[in-house]
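Following: one structure in structure tokens, then a few remarks.
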Amino acid sequence: MKLATWNVNSLRVRLEHVLDWLAPKEGVQSAGQDMDVLVLQELKLSDDQFPTQAFKDIGYESVFLGQKTYNGVALLSRHPIKGVVKNIPGFDDEMARIISAEVLGVRVVGGYFPNGQEPGSEKFAYKMRWLEALEAWLAQLCKESAPVVLMGDYNITHIDLDVWDPVGLADTIHCTKEERARFEALLNLGLVDAFRSLHPDQKTFSWWDYRGGGFRRNHGLRIDHILISQALSSKLLNCDVDPTPRKLERPSDHAPVWVEIKNS
DNA sequence: ATGCCTCAGCTCCTGAGA
């Protein structure tokens, strides 16, 4: 089973990139080929503008929680989608940040975690509240029978190895102790960082700033993550970032991250 | 140097992103 996450920074602008990644043209190889589930973030469009038919045409059903201008999340699947959940149950949120569903017996949660802007700001406080609510919900999900995959744009670097300039960016947004403690709290539920468990020493990024030639100079962060429950970690085959779409014309600032798990 | 880039929108500037 293959699953992936991708912050597309406007689905309207990036639709062709997503379609080509999942269903490449004849003779072209793509890490997105044969993807079972893909979650998307930062759609930046309302539900009535979601391109349901374009995905249906390449064999994917979709569920989504859209929002005009900001945020917005979707889950695409080649298999039947059950038990759809939108946003964190019991957490009142005006922003569209979570889409979850059960696919092939796996509880998939796709998330666009808050940015937080700056430590100490009101947006940072919201990020902390949101992360605590997510953790409480995931604690419940991890106790249930279905294995869990929590993936998306976390807007958190776990360790300094996830940061191109850990000294210059120390304690700045995405790199604070408070954010990293919330990431660790998710790991303490029994979830495993799929990429890091396979590549313990690799300095690989999933996001590069548009400004200052960030991608060209590999000035990036690893902030897009795939956490999998223990039952799945024993069947983990592969996990990687695919930088290919970041090299296209008008790319998203994020690259997709994918995972492959052995079928049971 | 509150910039360097990109996107949406009550669009020719502003807010937000990370």
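Here is the naming used below: chain letters follow the sequence lines, and residue numbers restart at 1 for every chain.
- Using a 4.0 Å heavy-atom cutoff across all strands shown, A:Asn155 reaches sugar-phosphate atoms only and no base atom.
- The same atom, C1', is picked in B:dA1 and in B:dT11; the two are 27 Å apart, to the nearest Å.
- For the side chain to side chain donor-acceptor pair (under 3.5 Å) with A:Asn9, the lone residue among A:His254, A:Glu42, A:Lys44 that qualifies is A:Lys44.
- When each of A:Trp207 and A:Ser10 is assigned the nucleotide of DNA chain B with its nearest heavy atom, A:Ser10 is the one assigned upstream, toward the 5' end.
- Straight-line distance between the P atoms of B:dC4 and B:dG9: roughly 24 Å, to the nearest whole Å.
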*From CA spacing to verdict: salt bridge (Lys or Arg N to Asp or Glu O under 4.0 Å), A:Asp36, A:Arg78*: CA-CA 5 Å; A:Asp36 294 293; A:Arg78 291 196 296 163; 3.0 Å; yes

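- For the pair A:Gly212 and A:Ile223, both in contact range of DNA chain B, the more 5′-proximal nearest nucleotide belongs to A:Gly212.
- In this structure, A:Gln117 does not reach the B:dA18 phosphate: none of its side-chain N or O atoms is under 4.0 Å from OP1 or OP2.
- Across all strands shown, A:Asp224 has no heavy atoms under 4.0 Å from either base or sugar-phosphate atoms.
- Relative ring orientation between A:Tyr154 and A:His225 is described as perpendicular, the plane-to-plane angle rising above 60° on a 0-90° scale split at 30° and 60°.
- To the nearest angstrom, P of B:dC7 lies 14 Å from CZ of A:Arg211.
- Summarising the geometry, the separation between OH on A:Tyr126 and P on B:dA16 is reported as 14 Å, rounded to the nearest angstrom.
- Residue contacts shown for A:Leu45 are absent, as no nucleic acid heavy atom lies under 4.0 Å away.
- As judged by a 4.0 angstrom heavy-atom cut-off over every strand, A:His219 is placed among residues making no nucleic acid contact.
- Going from atom CD of A:Glu249 over to atom P of B:dT6 covers 11 Å, rounded to whole Å.
- Note on A:Arg12: a side-chain N or O is less than 4.0 Å away from OP1 or OP2 of B:dA8.
- In this structure B:dC4 sits in the syn conformation; its chi angle is within 90° of 0.
- Here A:Asn9 does not reach the OP1 or OP2 of B:dT6: none of its side-chain N or O atoms lies under 4.0 Å away.
- Rounded to whole angstrom, the span from the NZ atom of A:Lys123 across to the P atom of B:dG15 amounts to 11 Å.
- Note on ring orientation: taking the six-membered ring where Trp is involved, the planes of A:Phe55 and A:Phe50 are tilted (angle from 30° to 60°).
- Atom CD of A:Glu42 and atom C1' of B:dC7 are 9 Å apart (whole Å).
- When the C1' atom is compared between B:dC12 and B:dC7, the two are found 15 Å apart, to the nearest whole Å.
- As a whole-Å value, the separation of A:Asp253 CG from B:dA8 P is 12 Å.
- Only the P atoms considered, B:dC13 is 27 Å distant from B:dA18, to the nearest whole Å.
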*Could you go through the salt bridge (Lys or Arg N to Asp or Glu O under 4.0 Å) check for A:Glu16 and A:Lys25 one step at a time?*
CA-CA 11 Å; A:Glu16 290 305 316; A:Lys25 293 180 173 57; 5.4 Å; no

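- The two atoms that bring A:Leu76 and A:Ser62 nearest to each other are CD2-CB, 3.3 Å, heavy atoms only.
- Among B:dC7, B:dA18, B:dC10, the nucleotide with an atom closest to any side-chain atom of A:Arg250 is B:dC7.
- Across all strands shown, A:Tyr112 has heavy atoms under 4.0 Å from sugar-phosphate atoms exclusively, and none from any base.
- Side-chain atoms of A:Thr69 lie closest to B:dG9 of the nucleotides B:dG9, B:dA18, B:dC7.
- The residue A:Lys127 sits apart from the nucleic acid: no heavy atom pair falls under 4.0 Å.
- For the OP1/OP2 pair of B:dT6 and a distance below 4.0 Å, the side-chain nitrogens and oxygens of A:Lys44 include no atom meeting the criterion.
- At a threshold of 4.0 angstrom between heavy atoms, the contacts of A:Asp153 are confined to the sugar-phosphate backbone, with no base atom among them.
- Under 4.0 angstrom from either OP1 or OP2 of B:dA18 there lies at least one side-chain N or O belonging to A:His254.
- Aromatic ring pairs are classed by plane angle as parallel below 30°, tilted from 30° to 60° and perpendicular above 60°; the pair A:His199 and A:Phe195 is tilted.
- For B:dA18, the OP1/OP2 oxygens have a side-chain nitrogen or oxygen of A:Asn7 closer than 4.0 Å.
- Straight-line distance between the C1' atoms of B:dC10 and B:dT14: roughly 12 Å, to the nearest whole Å.
- Here B:dG9 presents its C1' atom at 12 Å from CD of A:Gln49, a figure rounded to the nearest Å.
- Atom pair A:Asp209:CG and B:dT6:P shows a separation of 10 Å (rounding to whole Å applied).
- At a threshold of 4.0 angstrom between heavy atoms, the contacts of A:Arg14 are confined to the sugar-phosphate backbone, with no base atom among them.
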